[in-house]
Amino acid sequence: MWASLGLLLMSALCVEKLIAQRCPQICTCDGIKQRVSCLNKNLTEVPVSIPQITQKLDLRHNEIKTIPAGTFLPIPYLTHLNLQKCQVEHVDEGAFRGLGRLVYLNLASNNIAFLYQEALDGLSSLQQLILENNRIEEIKPGAFGQLGFLSFLNLARNSLVYLPDMVFQGLQLVKWINLSHNMLHVIAHEAFGGLPTLRRLSLDHNELQFLPTEALSRLSGTIKLEIGHNPITYIGEEAIEMASLKQLFLDNMALQDVSYRAFIRSPLLHTIDFHNNQLFVLQPLREMAHLKKINLTGNPVLCTCNMRPFKEWAEKARIDMDVACAGPPAFKGQQLESLTARHMKCRGRGYEEELLASLSTLTRELEEDAPKCPEGCACSPDFHHANCESRGLQSIPKGFLSNTHLLDLRRNEFHSIPKGSFPGLKNLTSLHLQNCKIATLQPGAFQNLKNLVYLYLSNNSITSIDADVFEGTSQLAYLYLDHNGFTQIPKGAFSLLPNLFSLHLQHNSISQLSDKDLEGMEKLRWLYLTGNHITHVSLRALCDTKMLEKLHLDENFLQEVPTRSLKELPNIIELKLSKNPIKHIGDGAFFPVSRSLQHLYLDNMGLEQVSSGAFTGLGPKIKSLYLEKNKMHHLPTLHNFTALEVINLSDIPFYCDCKLLPLRKWLDKLNLRVGATCASPADVHGQKVKLITSFQTCPAWGTKKAKRTSSPKAKAGKRSNKKQWSETVQVKRSKKSKA
Ligand SMILES: *[C@@H]1O[C@H](CO)[C@@H](O)[C@H](O)[C@H]1NC(C)=O
Ligand SMILES: *[C@@H]1O[C@H](CO)[C@@H](O)[C@H](O)[C@H]1NC(C)=O
Ligand SMILES: *[C@@H]1O[C@H](CO)[C@@H](O)[C@H](O)[C@H]1NC(C)=O
Ligand SMILES: *[C@@H]1O[C@H](CO)[C@@H](O)[C@H](O)[C@H]1NC(C)=O
Ligand SMILES: *[C@@H]1O[C@H](CO)[C@@H](O)[C@H](O)[C@H]1NC(C)=O
Ligand SMILES: *[C@@H]1O[C@H](CO)[C@@H](O)[C@H](O)[C@H]1NC(C)=O
Ligand SMILES: *[C@@H]1O[C@H](CO)[C@@H](O)[C@H](O)[C@H]1NC(C)=O
């Protein structure tokens, strides 16, 4: 026993000595706590001689621009690693390999713009990952795939604009995700798929213009949602469907209206915070049995007869409400609670009139209070909005607050946008110019809009654009040019927009896609060309947009699937060809995109024939397939489509003979509504393909069933329909002759 104690002591001493020996000169090592600190040392790489047994490593404030693969292999016992403020730009694939015991990784306040798929590999015990305050613009689904033990992910203060489907896949135990202070504008429906344990989600301080209802509905276990500080103006019926939600923060938005049925699909809601919005009135939120707290401070609430139902309901339901009246003058500043309901009057006027009257006084007051706002516009400095919609303006007003984020100028009559129309609006992210009768955009029209991300020019009369129109707006990612007068893609117009992500050109008169039309659009993900006059897509038209994920070519004049042009699209996920006059789809039509395609739209085309190899290559990737409203009588086998979530086969005149048996067999196993109906033969007209019994007469009907029931011949003999029988025989014969 003594001996072993001695051994222990000795080895402890040795270890300490070892650490002391190996401690990098520039760092301090605490051998007892197995902690090494190299704070603030201008290090350009992780020191090589850090003791192997180190558990906590503090490298804050250095200049480690790149973290190469295998950097930490010599120190595999690390549990805590802090790399804050190290000017990190690149995290190579496999950078953290070997750190299977790490529970805490802090990479905050660096310059990371992109996370490679394998950058976080090997961190199989990680519980906290802090990526706050970097420059991350996008995350690929799978980036967090190896972090099965993560419980907290902090992505706040980055530059995310879009969350794709299944982006957090793999985070099976995550409890809290912070996405505050990004520029999120679009959240895909399945973005929050696969997060069964998420309890809290922070989405505040983003650029959401609508509640992402569908995406949020996937979060059935989430209790707390922070989504304040987004430019959302109204909340409609059933807008939040979150089964476990208890606390909801909707503060500091631009809310003007909230449906009284907005939250009924979130029955456990306990607290709703509406502070700092634009609500004049709120209806009783009936049917919310657990609701106990509503905060309406900082809203211009009018305590007239219109607020009476709310007050009475809130008192009856014992809801703790914080509502200060902004009007009428007699009640200004008083708590709604302190008023007597019968004193809350509308002076004999009707509801609408009263509301309008109070509204106009208040708007005037607000406008008078506002520090700077062009005449005729309404500015809301608190949430950085300016609104000059439908004011009959003929030129762009000047003099907006320099910190305006959203400027709404739609429905005016500008005809032309001259150079430098928006001086000093360096923080503008969203500019609305739809329905403004604009025909020309002059060079430099948007100059100085350094942070512009969304530009809406829909429904104007623009027919061409020169590249220099977009001078100085290099952050532009979403460009809406739909419903204009383009007859071709404005070639080269987007060359100053390296970050263009989504281009809307639907409902123009574009007649073809030619080579180089999309030159320079390397980052383009979504291209909308619905409702043009496209008859032809040239072979190399799409070769510049390698990142393209969505291509909408529906409602055009294509007569065939542009198979060979699709070769250039390795990342395509969604392809829409609906409503093109394509009569025939040949073998291998989608083969070039079969490795990535998930959603295929082939409906409403007048399709007469689909070759047996038309879908070759497509299979387990496909989630939706739309084939409704076509004219073919048969379909090739769909056995390889094993991951379908939606398939529509309605309004197809199926000929329900034995040739259709493979489809029927497949449908029998499919647990989806498909809508496939027989059009002929006459005796089964109008019946569901899935339900008719005549297939049992086919020779290839399931072997077991065939044995149990009578032979095809006998069975068919019972039926009076001879035609069907003869077909069965024909099929049999043709099979034999092939064999
Ligand atoms: C790091 O660099 C700065 C500026 O070059 C210098 O002032 C400082 O002394 C350096 N620190 C160390 C620990 O070398
Ligand atoms: C999320 O991150 C933001 C930005 O750093 C921070 O202000 C906020 O407190 C975090 N959210 C929560 C709920 O802690
Ligand atoms: C309502 O929100 C305001 C602003 O955040 C806060 O000061 C106030 O305490 C809140 N009221 C209640 C009852 O929580
Ligand atoms: C733009 O926004 C940033 C960050 O919110 C702020 O620091 C800056 O003062 C704003 N710029 C202007 C011109 O208001
Ligand atoms: C486009 O503008 C015209 C008139 O300017 C209007 O009648 C029409 O409704 C608008 N269409 C859309 C889609 O906004
Ligand atoms: C189905 O997938 C298998 C295996 O990948 C392949 O061999 C077969 O050709 C596919 N069938 C069709 C009709 O595409
Ligand atoms: C299929 O499309 C038809 C016509 O658009 C539509 O009415 C029907 O609801 C769709 N069915 C399914 C199962 O999606």
Side-chain angles (χ1 to χ4, degrees), residues 24-28 37-45 47 58-65 84-87 106-110 128-136 151-160 174-184 198-206 222-230 245-252 271 273 554-555 576 578-579 599-607 622-631 635 638 641 644-654 667 670-677 688-690:
Q25 243 181 2
I26 201 161
C27 307
T28 48
S37 164
C38 322
L39 205 68
N40 228 335
K41 300 290 188 233
N42 301 347
L43 292 172
T44 57
E45 54 189 27
D58 188 350
L59 285 165
R60 278 175 293 165
H61 296 276
N62 283 292
E63 293 167 18
I64 306 171
K65 296 217 157 66
Q84 262 187 87
K85 301 197 182 164
C86 280
Q87 303 174 27
N106 194 336
L107 282 162
S109 303
N110 283 295
Q128 290 193 41
L129 175 59
I130 301 165
L131 285 162
E132 184 171 336
N133 201 17
N134 277 279
R135 297 189 295 127
I136 301 172
S151 70
F152 171 41
L153 175 61
N154 190 345
L155 280 163
R157 297 184 196 276
N158 277 283
S159 309
L160 295 167
V174 76
K175 296 212 168 54
W176 174 27
I177 297 180
N178 191 344
L179 288 160
S180 297
H181 293 271
N182 276 280
M183 292 159 86
L184 288 173
L198 195 75
R199 308 290 273 176
R200 178 172 183 183
L201 177 64
S202 308
L203 278 170
D204 51 288
H205 294 87
N206 276 288
T222 302
I223 288 175
K224 186 165 178 178
L225 173 65
E226 287 140 318
I227 198 166
H229 290 273
N230 277 286
L245 194 67
K246 291 188 179 162
Q247 289 169 289
L248 175 58
F249 293 83
L250 296 166
D251 56 292
N252 294 285
T271 303
D273 190 342
D554 46 319
E555 293 181 50
K576 266 198 188 180
S578 320
K579 297 192 183 168
H599 309 283
L600 180 58
Y601 293 76
L602 298 169
D603 53 289
N604 291 280
M605 302 211 299
L607 201 54
I622 296 284
K623 292 191 180 146
S624 35
L625 179 60
Y626 297 86
L627 277 161
E628 69 268 21
K629 298 201 175 150
N630 279 303
K631 296 194 178 137
L635 264 187
L638 297 171
F641 290 68
L644 281 174
E645 287 163 9
V646 181
I647 174 165
N648 199 333
L649 299 178
S650 64
D651 279 306
I652 298 175
F654 283 112
L667 288 179
L670 193 72
N671 195 14
L672 290 174
R673 271 187 43 214
V674 296
T677 311
K688 295 258 175 274
V689 174
K690 218 170 159 171

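First listed ligand is number 1; within each ligand, the first listed atom is number 1.
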Protein contact for atom 7 (O) of ligand 1 (heavy atom, distance under 4.0 Å):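 Protein heavy atoms within 4.0 Å of atom 7 (O) of ligand 1 - there are none.
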Measuring to protein heavy atoms, does anything land under 4.0 Å from atom 2 (O) of ligand 7? yes
Does atom CZ (Arg200) have a neighbourhood of more than 12 heavy atoms from anything else shown, all under 6.0 Å?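 Correct, the count exceeds 12.
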Considering only NZ, NE, NH1 and NH2 on the basic side and carboxylate oxygens on the acidic side, decide whether Lys576 and Glu555 come within less than 4.0 Å. no
By number and element, which atoms of ligand 7 are closer than 4.0 Å to a non-hydrogen atom of Arg673?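 Under 4.0 Å from Arg673, ligand 7 has these atoms: 13 (C).
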Report, in ascending order of atom number, the atoms of ligand 7 lying under 4.0 Å from any heavy atom of Ser650.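 In order of number, 1 (C), 2 (O), 3 (C).
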What atoms of ligand 2 come within less than 4.0 Å of a heavy atom belonging to [X]?
| X | value |
| --- | --- |
| Glu226 | 13 (C) |
| Asn178 | 1 (C), 2 (O), 3 (C), 8 (C), 10 (C), 11 (N), 12 (C) |
| Glu132 | 4 (C), 5 (O) |

Just so I know, are the side chains of Val689 and Leu649 near enough to count as touching, which here means a heavy-atom distance under 4.5 Å?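 No; the side chains remain at least 4.5 Å from each other.
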Can you tell me the protein heavy atom closest to [atom] and the distance?
| atom | value |
| --- | --- |
| atom 13 (C) of ligand 1 | Asn40 O, 3.9 Å |
| atom 12 (C) of ligand 2 | Trp176 CZ2, 3.2 Å |
| atom 10 (C) of ligand 7 | Asn648 ND2, 2.4 Å |
| atom 5 (O) of ligand 1 | Asn42 ND2, 4.5 Å |
| atom 4 (C) of ligand 2 | Arg157 NE, 3.4 Å |

Looking just at side-chain N and O atoms, do Ser109 and Asn133 make a donor-acceptor pair shorter than 3.5 Å?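 Asn133 and Ser109 do have a side-chain donor-acceptor pair below 3.5 Å.
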Ligand 2 contacted by His205 (non-hydrogen, < 4.0 Å):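 The answer is no, since His205 has no heavy atom less than 4.0 Å from ligand 2.
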Between [X] (side chain only) and [Y] (backbone N and O only), is there a donor and an acceptor less than 3.5 Å apart?
| X | Y | result |
| --- | --- | --- |
| Asn630 | Gly606 | yes |
| Asn110 | Asn134 | no |
| Asn648 | Asp603 | no |
| Thr222 | Leu198 | yes |

Check step by step if side chain to side chain donor-acceptor pair (under 3.5 Å) holds for Ser624 and His599. CA-CA 5 Å; Ser624 35; His599 309 283; 2.4 Å; yes
Which bit of Phe249 is near ligand 2, meaning a heavy atom under 4.0 Å away: side chain, backbone, both or neither?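 Neither part.
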